[in-house]
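Whatever order the structure lists ligands and atoms in, that order sets their numbers, starting from 1. Quick caveat, the model's predicted, so the values are computed rather than measured.
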Amino acid sequence: MKLQFITSNPGKVREAREYLEPLGVEVKQVHFEYPEIQADTLEEVAEYGAKWLSERIEGPFFLDDSGLFIESLRGFPGVYSAYVYKTLGVWGILKLLEGVSDRRAYFKSVVAYWDGALHTFEGRVDGEITSEPLGSDGFGFDPIFRPSGFEKTFAEMTTEEKNMISHRGHALEAFAKWLKENLK
Ligand code: IMP
């Protein structure tokens, strides 16, 4: 079976393949810009995007909407993570947190799958923002996010290591489990 993953992010595709290929699912990356509405939650952004795409794309597809939520910034950048990454980047976040001792943060991911109906799967990982970027793997805010209980940032981990604990890993795991049960 072939599933379209609507994303321009090759890092997300690499992570999705780790979960779905063992099920015999071929993940095909499709570049298709869709509106990311301004909303308070990732769920709303993902659901709107999936419904909008369902009127324009043939066959089953999924997308992932995710974000970094920093406790001392009251959840910022959250739903605006992609924009903030593009404009401020990791150094901008480090600057905002200069002198701040509460470094707690979490990543959250919502995978929305469309097969004629909408199914959503969520994952979250807690951790902290480092004081400097560390590591060169991964993407986005990976170099400044260290998950709780680990010595390494996401950017210092392999895709496999990151997937085992990451927000997207948890959402993809739930998605893969659902596919296994529903695609018999
Ligand atoms: P979107 O889900 O494509 O809207 O993007 C969310 C933004 O959050 C991305 O541009 C990244 O900067 C950031 N992000 C989401 N997931 C991750 C991750 O696993 N590692 C690092 N940054 C992430």
message: If you apply the rule side-chain contact (heavy atoms from CB on, under 4.5 Å), what do you find for Leu20 with Phe175, and how did you get there?
response: CA-CA 9 Å; Leu20 302 179; Phe175 179 30; 4.0 Å; yes
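The aromatic ring centres of Phe69 and Phe107 sit 6.0 Å or more apart.
In this pair, Phe5 and Phe62 present their aromatic rings parallel. The plane angle is below 30°, not in the 30 to 60° band. Phe145 and Phe154 have tilted rings, their planes meeting at an angle from 30° to 60° on a 0 to 90° scale.
Side-chain atoms of Glu98 and Leu94, non-hydrogen and from C-beta on, never get closer than 4.5 Å to each other.
Salt bridge present: Glu43 and Lys108 bring a charged side-chain N and a carboxylate O closer than 4.0 Å.
Sorted by chain then number, the residues whose non-hydrogen atoms approach ligand 1 to under 4.0 Å are Lys12, Glu36, Asp64, Asp65, Ser66, Ser81, Ala82, Tyr85, Phe107, Phe139, Gly140, Phe141, Asp142, Lys162, His167, Arg168.
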